[in-house]
Number of protein chains: 2
Amino acid sequence: MSMAEPDPRPQRDATRTRAAILHAAQQAFSAKGYTDTGVRDITAAAGVNPALVSRYFGSKEKLYEAALSQLLNAELVLGFPRARFGEAVVRMLLAPAPQQRNPLPMMLLASADPTARAITERLLTELFLEPMARWYGPERGAEKAACFSLLASGLTLYRQIYPLAALEGGLSDETRGWLAGAFQSLID
Amino acid sequence: MSMAEPDPRPQRDATRTRAAILHAAQQAFSAKGYTDTGVRDITAAAGVNPALVSRYFGSKEKLYEAALSQLLNAELVLGFPRARFGEAVVRMLLAPAPQQRNPLPMMLLASADPTARAITERLLTELFLEPMARWYGPERGAEKAACFSLLASGLTLYRQIYPLAALEGGLSDETRGWLAGAFQSLID
DNA sequence: ATGATATGTATACCGCTGTTTACTTAAGGG
DNA sequence: CCCTTAAGTAAACAGCGGTATACATATCAT
């Protein structure tokens, strides 16, 4: 057997610790929501001390804001080809492991607490809805972006929060087509 | 001025008190969700003592179950005419005061707490999705019911939880038509 | 009227939560 | 090598949560 390689990394690394907290927070908030996730849950998963949340983020609330804003990013969706937009979106949302780096569960589960809801609403508007409205164009862009979010959030709700067997793996081609058509018809 | 009519009702009325708690619970759970609604909030709104929740419902959890199951009812939607189903649903969901006796906000906000989520999932399936799947018919009825809920929940999410100006009153005829068409195309 | 019971009240308990404080220890430049 | 500073720790605080307990009082049959 081999001797353990001496790790050149210092045992104390502020940036690494901060990132570990942020990652654990994203996982926990996406699984149990804002209120039902305790600071001690997050720090235990990250393997650090609970007091470090206050040190690195100021408060649980600020940590939530940092965690969500890192996840909310319109670029991925906005890069899909317009001609096959519906198909691409449905393929993404129906991917086998969609919970990875997806801000939607976090948003849905954070909607209960008023503080987290206000933060979520602001970030969602600034980082997603407004860019997407511009992408759709001047003609009812905001309404189209809202309808897009409505579809995507509803689908995520019944795939990850209240998982329905009807929307799992063996989804029929007809229903996939209905979903893709709904997304696509926002463009055409 | 007139003398106050002597109220023939007794000051202590168990059924009336129980109903007051149930109603206050529906309002509070629909506004702040399961975790962020305290038993003391509910009983204060109902004007009764906090201990009465345990007496009449056993626990906060049972109260939530009673509150939601009274609201979850597929009959209204299932009575709409099939030919103009999409229009009727959109008119209902876009009504000026939709928060009255609408189970959707309560469901959306309760999705954070694992206990409440489990209760909600069970009631939603038994009281809504299964009847609706039968209503749609044997051909992909469950998938259609899921798509219906997906649309309705998404729309409610961005009308009541994260209220978007784009979905408020002055919604364009085109977008209304898109919504109605999405609902209708689940039937045709 | 009177006692039994249903109804409602006051209060305390215990566990959990976010945050602060004072302290300990590792890191790295002089 | 040492000593200043950054990084991390341990413990406690203050408040709130759901619930159980012991108590008070209105209601109704007898």
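Under the salt bridge (Lys or Arg N to Asp or Glu O under 4.0 Å) criterion, R82(A) pairs with no residue at all, not counting sequence neighbours. The salt bridge (Lys or Arg N to Asp or Glu O under 4.0 Å) test applied to R84(A) returns E87(A), not counting sequence neighbours. Under the ring-ring contact (aromatic ring centres under 6.0 Å, His included) criterion, Y56(A) pairs with no residue, sequence neighbours left out.
Spacing between atom CZ of R16(B) and atom P of dT27(D) amounts to 13 Å, rounded to whole angstrom units. As rounded to whole Å, 10 Å separates atom P of dT19(D) from atom CD1 of I42(B). Atom-to-atom, CG of D41(A) to C1' of dG18(C) comes out at 12 Å; the value is rounded to the nearest Å. Regarding E61(A), its CD atom lies at a distance of 18 Å from the P atom of dT17(C), rounded to whole Å. Rounded to whole angstrom, the span from the CG atom of D36(A) across to the C1' atom of dC16(C) amounts to 12 Å. Between the OH atom of Y34(A) and the C1' atom of dT17(C) there is a distance of 11 Å, rounded to whole Å. We find that CD1 of I21(B) is positioned 14 Å from C1' of dT19(D), with the value rounded to whole Å. For the pair R18(A) CZ and dG8(D) P, the computed distance is 13 Å after rounding to whole Å.
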Identify all side-chain donor-acceptor contacts of residues 108-116 of chain B below 3.5 Å with residues at least two apart in sequence or on another chain.
unit_1, atom_1, unit_2, atom_2, d
S111(B), OG, L108(B), O, 2.7
D113(B), OD2, T115(B), N, 3.0
D113(B), OD2, T115(B), OG1, 3.4
D113(B), OD2, A116(B), N, 3.0

Subject >> Letter per nucleotide, 5' to 3', of nucleotides 2-13 of chain C [B base touched, S only sugar-phosphate touched, - untouched; heavy atoms, 4.0 Å] >> reply: ----BBBBB-B-
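Each of F85(A), F128(A), F148(A), F80(A) was checked for a ring-ring contact (aromatic ring centres under 6.0 Å, His included) with W135(A), and the lone residue meeting it is F85(A).
Among residue pairs with one or both ends in residues 34-44 of chain B, those qualifying as side chain to side chain donor-acceptor pair (under 3.5 Å) are T35(A)-D36(B), D36(A)-T35(B), K32(B)-D41(B); sequence neighbours excluded.
T35(A) comes within 4.0 angstrom of nothing in the nucleic acid, heavy atoms only.
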